[in-house]
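The structure appears right after this line, and notes come after that.
Naming convention: chains lettered A, B, ... in sequence-line order (proteins, then strands); numbering from 1 in each chain.
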Amino acid sequence: MKKEIICTVCPRGCAITVEGGDGKVTSIEGNGCKRGLSFAETEFTSPVRLLTSTVRVAGKENELLPVRTRTPILRDKLFDVMNAIRATTVTLPVKQHDVVISDVCGTGVDVIASRDME
Amino acid sequence: MYTIQCDVAVVGAGPAGLAAAVAAKENGAARVLVIERDNAPGGILQQCIHPGFGLTRFNEELTGPEYYSRFTEKAEALGVEYLLDSMVLDVDADGGKVTCVNGKYGVTNVEAGSVVLAMGCRERTRESIVIPGSRPAGLYTAGSAQRLINRQNIMVGKKVVILGSGDIGMIMARRMTLEGAEVVMVVELMDYLAGLTRNRVQCLDDFGIPLRLGHTITRIEGEKRVTGVYVAPVDETKKPIAEKAEFVPCDTVLFSVGLIPENELTRKASIAIDGKTNGPAVNQYMQTTKPAVFACGNVVHVNDLVDNVSAESEQAGKYAARYAAGKFPAAKGEAVCKPGANVRYICPQKIVLSDEAEKVNLYFRVLSPARDVTLRVRCGDTILAQKKEFRVNPGEMNSIAVNTADVADGEIVVEVM
């Protein structure tokens, strides 16, 4: 399998061609630097993304707490994690980086608060 | 009338105002007052819940709220004061007086040694007004949809077409998809992306959202609510080719068609505005044509990275503090920054020469995309600085540093060859 990947490590945006199959990479071409090499490999085998969203706040209909995953999660899990986030309501006060959902959807990653809210 | 005295008054508590206020304090201003119309500091970053901020400044990827809280924490520790829920009505540029109004004190006078304008910008809506068709519900600027969804818990639609491939437009395409809406397509008039490539990858490609370059919306349909739009390709003169228009059903249209610096106060204060940036013309101290008034951030020129906003705002805060303290560098001459080949504008527009030599970052945008170019600053035939760039794009701001000690009276030219 051949895949064209646009590198997002820096603004240069190299078009990298990755070849391989079964989660194994056989060749990488077009990367402008070393960082692009590891980016392309991860992007080919199991792309990850940082997910940000908002959760409801108990007793406040028109306020939302911004949240994020502490580290990037598998891209395939984005919609599962969104469902878990949608099902969550927090009670204030919350401090920045407090855990809102721990080990969300078995990813091993916590969903944490992006800001303080009182 | 209620009167407050301070050394530096800052108009706006967004990223620019916060960085300026912190820098003013750090540079000796005893009393710094930030006047803000919202009920909390943070500005637009409060609704920018997505990551991608701080990569150049902090070397890590922060969300909007995380980015501004680095500054609000510092501001609090340094004793920066806020006047929230307050609308500034007037800036008296010669007297250093700011008139504002708020629910607690009524009309309030702020008497300051210097003033920093940091009002930011607002979204362009012109495109949405010149598109023929009906005026149904379901038309939003991308930023207002972002505020409704991210701060007020109001979902704006289910089937969305986005006009404009700016960063906010693409980020909203992802956000609405994650919240369960279907984003039918992103339509872009130009034949290149307006925003950053990383946003196309992570916001459009990841979710299979089509990007139609060289297309525009020619008509909006719907009575009470939008039922769809006509999308047509454009010719070389950017005129839509009507016979190729296709009907795209949708219930919501988001417009991400550019930002305009919010300069009503600036104009009222008779401060000179640059016709290209639509913001006040400034020197390297971020000082406007009125010596006691400084300006920074998107009110000066629309930035694509908040990291750059923070850097130039610190410069504004620092020199506003020095101006208020009567310790401003004495001018010995000046050089005008002139856009050369493939350069649209330069900020600052002017460099003041003094006994204090310093490194000044010249921020600029190119007119059209190019590859393998040299960015160059010259003064007559003398090259002051140059560097190579793999790629330049009107959507991504460039910068090059010069040392003011090398600059002679007259003009310097920035060019991309």
Would a distance-only check, ignoring hydrogens and angles, find a side-chain to backbone donor-acceptor pair under 3.5 Å from N153(B) to E61(A)? yes
How about residues 88-113 of chain A versus chain B: which residues have heavy atoms under 4.5 Å apart? Q96(A), H97(A)
Should I6(A) and T197(B) count as side-chain neighbours, where that means a heavy-atom distance under 4.5 Å? yes
Sort I149(B) into side chain, backbone, both or neither according to what part of it lies under 4.5 angstrom from a heavy atom of chain A. backbone
Rounded to the nearest 0.5 Å, what's the gap from CD on Q46(B) to OG on S114(A)? Could you check? 13.0 Å
Assess whether side chain to side chain contact (heavy atoms under 4.5 Å, CB included) is satisfied between I49(B) and T54(A), documenting all intermediate values. CA-CA 8 Å; I49(B) 63 163; T54(A) 53; 3.8 Å; yes
Main chain of P65(B), side chain of R115(A): is a donor-acceptor contact present, judged purely on distance under 3.5 Å? no
Residues of residues 70-79 of chain A near chain B, each having a heavy atom less than 4.5 Å away: R75(A), L78(A), F79(A)
Any luck finding a side-chain donor-acceptor pair between R175(B) and T52(A) under 3.5 Å? no
Name all residues meeting the ring pair (Phe, Tyr, Trp, His ring centres under 6.0 Å) criterion together with F390(B); count only those two or more places apart in sequence or in a different chain, and write none if there are none. none
Which residues from residues 68-79 of chain B are near chain A, with near meaning under 4.5 Å between non-hydrogen atoms? Y68(B), S69(B), E73(B)
N-O pairing of R151(B) and E63(A) below 4.0 Å: no
